[in-house]
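Read through the structure below, which is laid out as structure tokens, and then see the notes.
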Number of protein chains: 2
Amino acid sequence: MPTAEACAVCEARPFSICAPLSTAELAELDRFSTTLHLPAGATFVHEGDPADHCFNITAGSAKIYKLLPDGRRQVIGFLFTGDFLGTATRGPYGISAEAMTPLSLCRFERTSFRAVLSRLPALEHALLDRTADELEAAREQMLLLGRKAARERVASFLLSLSRRAVRLGRVADPVQLPMGRTDIADYLGLTTETVSRVLTQLRTEGMIRLNGTSEVHLTRRAALESLCEGA
Amino acid sequence: MPTAEACAVCEARPFSICAPLSTAELAELDRFSTTLHLPAGATFVHEGDPADHCFNITAGSAKIYKLLPDGRRQVIGFLFTGDFLGTATRGPYGISAEAMTPLSLCRFERTSFRAVLSRLPALEHALLDRTADELEAAREQMLLLGRKAARERVASFLLSLSRRAVRLGRVADPVQLPMGRTDIADYLGLTTETVSRVLTQLRTEGMIRLNGTSEVHLTRRAALESLCEGA
DNA sequence: CGACAGTTTGAACAATCTCAAGCCGCGTGG
DNA sequence: CCACGCGGCTTGAGATTGTTCAAACTGTCG
């Protein structure tokens with residue numbers, strides 16, 4: 001179980017909402033956290049369930065999504081090391097969350113987390129900033145979903161993954177796709193077939209190079225960038 | 001210009017982030033606010049400009065949107081009395097905002113607003129809750145844009161407007177559309193023609209009744225509700 | 001009363017989806 | 001070590017939804 005020490009050596013901390021906390025504050029927060037380890041494929045948040053917990057991802061990647069009753073699915077986002085989950089609503093969870101790789105996370109009881117928030121203004125600040133960033137990203141995605149063509153969506157997606165990798169201290173160029181074509185399609189509002197076709201097309205045009213199915217080289221990044229914006 | 005008195009009689013307050021503030025706190029916040037009145041059509045936030053201010057809408061309605069270089073537009077949302085604008089980024093504005101009707105608003109300098117936030121935890125709480133709600137709404141809209149058919153989008157839109165009217169203390173049934181077909185289309189990721197066709201179709205099927213171009217009766221609300229979810 | 005902006009309607013078109021095969025890589029078991 | 005089988009990915013052809021382009025309508029405001 002977590003200890004102040006666990007936080008002290010936590011590799012996710014520089015990327016997490018707990019980054020700005022002092023050692024004492026960290027201990028205060030840590031008192032209410034539980035460490036979990038989940039296998040790939042585990043669904044750990046169910047849309048519609050009472051939102052009892054919130055989570056901080058310390059290792060691995062996950063996806064969050066919403067479903068329509070007939071099974072249509074919209075992937076809302078992909079979560080990586082340092083991402084926080086559970087801010088959004090005070091009622092039931094608005095999304096479901098599933099591990100894409102083996103996943104490590106800190107879990108907090110929502111009620112105690114909210115109480116801690118009041119005691120640690122730095123934490124509340126960080127959470128507000130983070131939530132605002134997520135909102136900004138969601139708006140960008142609304143633009144993508146509402147107004148971009150398939151090619152533009154895929155190009156935007158590849159670049160955003162690349163930028164994210166950089167933020168996490170990884171390389172910008174060979175982009176890793178930890179998710180399958182179905183997840184990409186459900187994230188971009190397309191079908192797997194269309195995603196596949198567009199990738200082949202971009203490859204043919206020399207804008208990308210595919211290494212197997214889950215690694216992409218962004219040759220001609222500039223061209224991809226102008227594609228994003230509709231060139 | 002605003003005074004503590006202005007806040008005391010403000011009709012938007014019950015719907016605003018300042019609702020939970022005490023009289024003293026209100027005075028503290030008010031010290032940094034300016035009241036503005038804008039004509040319909042005025043653009044008061046420009047995407048990409050440095051985000052110097054944030055705003056609280058006290059009367060009227062506005063729209064926020066994002067543009068692609070070639071002019072394609074995604075309307076991100078419609079703002080009404082009590083809505084707050086400007087949380088999102090710490091860098092430049094991520095959206096543009098335009099008055100749809102004559103608009104009254106409280107304007108805050110971003111830097112002083114952030115300073116006041118630190119002094120008024122109740123305000124920061126309210127803002128975090130509000131931002132989380134917006135995020136939840138944005139995610140719902142991502143589902144709509146990525147996965148719903150045109151009929152479903154329009155039905156969802158009418159119902160969400162109706163629910164919003166109720167929250168503002170207005171009637172649920174004759175829904176007012178303060179925006180034109182173009183704005184609706186750009187909000188739903190469709191064209192005006194498609195919006196128009198769907199509305200006619202819903203009218204023909206007896207699900208709605210149109211009173212002129214900007215008032216809609218939701219006859220058979222239940223049918224609309226199941227349409228939203230894909231029935 | 002007339003003009004104009006916004007809305008509605010119509011017909012042809014195009015992007016993406018659907019349905020259907022085939023392919024590839026990989027893990028398993030012989 | 002290699003053949004097999006399975007899941008995910010790719011490719012193809014045809015169907016569909018929504019778009020585009022164009023014209024007619026409406027009602028609002030000088």
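Source: prediction; values computed, not measured. The basis for the numbers below is simple: all heavy atoms, side chains too, and nothing from hydrogens, waters or symmetry mates. Letters go in sequence order (proteins before strands), and every chain restarts at 1.
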Round to a whole Å and report the spacing from [atom1] of [X] to [atom2] of [N].
X      : N      : atom1 : atom2 : result
A:I184 : D:dG8  : CD1   : C1'   : 12 Å
A:L188 : C:dA15 : CG    : P     : 19 Å
A:D186 : D:dG8  : CG    : P     : 13 Å
B:E193 : C:dG6  : CD    : P     : 14 Å
A:D183 : D:dC9  : CG    : P     : 9 Å

Any N or O donor-acceptor pair under 3.5 Å from the base of [N] to the side chain of [X]?
X      : N      : value
A:R181 : D:dG7  : no
B:R147 : C:dT16 : no
B:R197 : C:dG10 : yes

Picking from [options], which would you name as closest to the side chain of [X]?
X      : options               : result
A:T182 : C:dC17, D:dC9, C:dT16 : D:dC9
B:T194 : D:dC9, D:dT19, D:dT11 : D:dT19
A:L190 : C:dT16, C:dT9, D:dA13 : C:dT16
A:T200 : C:dT9, C:dT16, D:dT10 : D:dT10

Distance-only donor-acceptor pairs under 3.5 Å for side chains of residues 165-175 of chain A, two or more places apart:
unit_1: A:D173; atom_1: OD1; unit_2: A:L218; atom_2: N; d: 2.8
unit_1: A:D173; atom_1: OD2; unit_2: A:H217; atom_2: ND1; d: 3.2

What is the nucleic acid contact for B:S196, judged by heavy atoms within less than 4.0 Å: base, sugar-phosphate only, or nothing?
base
Close side-chain approach of B:E140 to B:S156, heavy-atom, < 4.5 Å
no
Does any part of the side chain of B:E225, heavy atoms only, come nearer than 4.5 Å to the side chain of B:L159, both counted from C-beta?
yes
List the atom pairs, with distances to 0.1 Å, where a side-chain N or O of residues 46-57 of chain B and a protein N or O form a donor-acceptor pair under 3.5 Å, not counting sequence neighbours.
unit_1: B:E47; atom_1: OE1; unit_2: B:L67; atom_2: N; d: 3.3
unit_1: B:N56; atom_1: ND2; unit_2: B:S16; atom_2: OG; d: 3.1

